[in-house]
Amino acid sequence: MKYITILLSFFTFMSCGNSKDTTAMVNNREVMDQISGNYLVTSIHETNYTSSELSLLFDEKTNTVSGFSGCNRFTGTYKISENTISFGPLASTRMACRETENQIEKTMLEALSNTNALSLNNRELTLLYSDKALIKATKILEDNSEQDTGYKITYTAMSRGLFNEYVFENGKLSIQKDRASTPTVRTCSQEEINTLLEEVRALELEKLNSLKAPSEKRFVDAAAIAILKVSYQGDTYQTPEFDHGEPNQYIASLVSTLLGLAEKKQ
């Protein structure tokens, strides 16, 4: 009888432990689902950074975080346990920016690395170190009409025997791969829309008109000529001609993302 009592006590203890573990896993998943999405950073250390268009994008499916930190785009991993959060090493692109932008980026990335807790109230996310607010951000609504604020992105590549044109507008991507063909149109996922909008919002569109082409194959090898054009709020910004596949580094990430979506299988 004593042996049976010990066994029953052991199983009761194990059941309680498993129940707590299961509850913790459910709570973690709920937090990850709630935090998932795209955020506009409003302040860091109580300083307003809304005009810098800093961003955070949490993807609960892959446990990855990405965004724009003032000069470069970054990506990395995150881990949530109830109301605590930690970020893994963050990898960034390597754009050359003004000192003010570099300082903003340093401030944001340091704040992320110091974060160990979070608070989410409706659409307002606060990343904290213990009880001290480091970063505050507002979740961007996922409705396409809210997300897509009038950007039209057009990439055209052409030569004597080639014509490709990709146009992103209103959450849809038009794909034309021949001058005589009718474009095919596909609806982008919300994640794809978020990524493209992050890329284009990270650019100062006025710079597009003066970007220098990094190569000149189109002059000697008859390589395809490419142009990137962005229309926004009634204004159009267009790069000078450059070699297809070799854009200026300033727009390389946006071009790569757009072309990647165009080649993506349905």
Next on the checklist: One pair to check against side chain to side chain contact (heavy atoms under 4.5 Å, CB included): N38 and L57. What are the steps and the verdict?
Outcome noted: CA-CA 4 Å; N38 196 20; L57 176 61; 3.9 Å; yes
Checklist entry - Are F242 and I153 connected, step by step, through hydrophobic side chains (Ile, Leu, Val, Met, Phe, Trp, Tyr) whose heavy atoms are closer than 4.5 Å? => result yes
Next on the checklist: When you measure from the side chain of N209 to the backbone of Q238, do you find a donor-acceptor pair of N or O atoms at a distance under 3.5 Å?
Outcome noted: yes
Checklist entry - Roughly how far, to the nearest 0.5 Å, is the CD1 atom of I44 from the CG atom of L134? => result 9.5 Å
Item to check | Hydrophobic cluster membership, L109 vs V65, 4.5 Å side-chain cutoff | outcome: yes
Next on the checklist: Determine whether a donor-acceptor pair (N or O, by modelled atom type, separation under 3.5 Å) exists between the side chain of R186 and the backbone of L173.
Outcome noted: no
Next on the checklist: A quick test of your reading: do over 12 heavy atoms of other residues, nucleotides or ligands sit less than 6.0 Å from CD of E124?
Outcome noted: yes
Checklist entry - If you measure from CE on M108 to CD on E110, what distance do you get to the nearest 0.5 Å? => result 12.5 Å
Item to check | Derivation and outcome, side-chain hydrogen bond (donor to acceptor under 3.5 Å, both in side chains), residues N194 and Q190 | outcome: CA-CA 6 Å; N194 290 344; Q190 193 60 54; 3.2 Å; yes
Checklist entry - How far apart are the closest heavy atoms of Q176 and S181, and which atoms are they? => result NE2-O, 3.1 Å
Checklist entry - Applying the 4.5 Å side-chain criterion to the ILVMFWY set and letting contacts propagate, would L128 and L120 be lumped into a single cluster? => result no
Item to check | Verdict with supporting geometry, I35 and E60, side chain to side chain contact (heavy atoms under 4.5 Å, CB included) | outcome: CA-CA 8 Å; I35 197 177; E60 85 282 4; over 6 Å; no
Checklist entry - When you measure from the side chain of S189 to the backbone N and O of E192, does any donor-acceptor pair fall under 3.5 Å? => result yes
Next on the checklist: Keeping S36 on the side-chain end and F58 on the backbone end, is there a donor-acceptor pair under 3.5 Å?
Outcome noted: yes
Checklist entry - E101 and G70: which non-hydrogen atoms are nearest, and at how many Å? => result CB-O, 3.6 Å
Next on the checklist: Could you go through E241 and F219, starting from their C-alpha distance and side-chain angles, then the distance that decides it, and tell me whether this counts as side chain to side chain contact (heavy atoms under 4.5 Å, CB included)?
Outcome noted: CA-CA 11 Å; E241 295 178 349; F219 296 129; 5.6 Å; no
Item to check | Aromatic ring proximity, centroids under 6.0 angstrom, Y129 and H45 | outcome: no
Item to check | Side-chain ion pair, K61 and E191, N-O less than 4.0 Å | outcome: no
Item to check | Ion pair check, E99 and K106, cut-off under 4.0 Å | outcome: no
Checklist outcome for this item: In short, T156 meets E165 closest at the heavy-atom pair OG1-OE2, 2.8 Å
Item to check | Spatial distance of atom OG1 (T195) from atom CG (L258) [nearest 0.5 Å] | outcome: 12.0 Å
Checklist entry - Distance-only, no hydrogens or angles: does the T42 side chain make a donor-acceptor pair with backbone N or O of K136 under 3.5 Å? => result yes
Item to check | Atom pair CG/OG1 of L205 and T236 - distance to nearest 0.5 Å | outcome: 10.5 Å
Checklist entry - Are any side-chain N or O atoms of Y250 and backbone N or O atoms of E204, one a donor and one an acceptor, separated by less than 3.5 Å? => result yes
Next on the checklist: For residues V230 and V167: do they belong to one hydrophobic cluster (side chain heavy atoms under 4.5 Å, members Ile, Leu, Val, Met, Phe, Trp, Tyr)?
Outcome noted: no
Item to check | For P247 against A252, the heavy-atom pair lying closest together | outcome: CG-CA, 3.9 Å
Item to check | CA sep, side-chain torsions, deciding dist, call: L208, N248, side chain to side chain contact (heavy atoms under 4.5 Å, CB included) | outcome: CA-CA 10 Å; L208 298 191; N248 184 285; over 6 Å; no
Item to check | Heavy atoms of other groups near R160 CZ, more than 12 under 6.0 Å | outcome: no
Next on the checklist: Using 0.5 Å steps for rounding, measure from the CG atom of L54 to the CZ atom of F74.
Outcome noted: 9.0 Å
Item to check | Aromatic ring pairing Y151/Y232, orientation class (parallel under 30°, perpendicular over 60°, tilted between) | outcome: parallel
Next on the checklist: Do Y237 and Y155 land in one hydrophobic cluster if side-chain heavy atoms of ILVMFWY residues count as linked below 4.5 Å?
Outcome noted: yes
Item to check | Exam field: side chain R218 to backbone S215, donor-acceptor pair closer than 3.5 Å | outcome: yes
Item to check | Distance-minimising heavy-atom pair for C71 and E105 | outcome: N-OE1, 3.3 Å
Checklist entry - Looking at A202 and F68, what are the two nearest heavy atoms and their distance? => result CB-CD1, 3.7 Å
Checklist entry - Does K172 offer a backbone N or O that forms a donor-acceptor pair with the side chain of N170 under 3.5 Å? => result no
Checklist entry - Could you give the distance from CG (L254) to CG (L228), rounded to the nearest 0.5 Å? => result 5.5 Å
Checklist entry - Should the ring pair F87 and Y78 be called parallel, tilted or perpendicular, given that the plane angle runs from 0 to 90° and is split at 30 and 60? => result tilted
Item to check | S92 backbone acceptor or donor facing N72 side chain under 3.5 Å | outcome: no
Next on the checklist: Taking T64's backbone N and O only, do any of them form a donor-acceptor pair with D59's side chain (distance below 3.5 Å, no angle check)?
Outcome noted: no
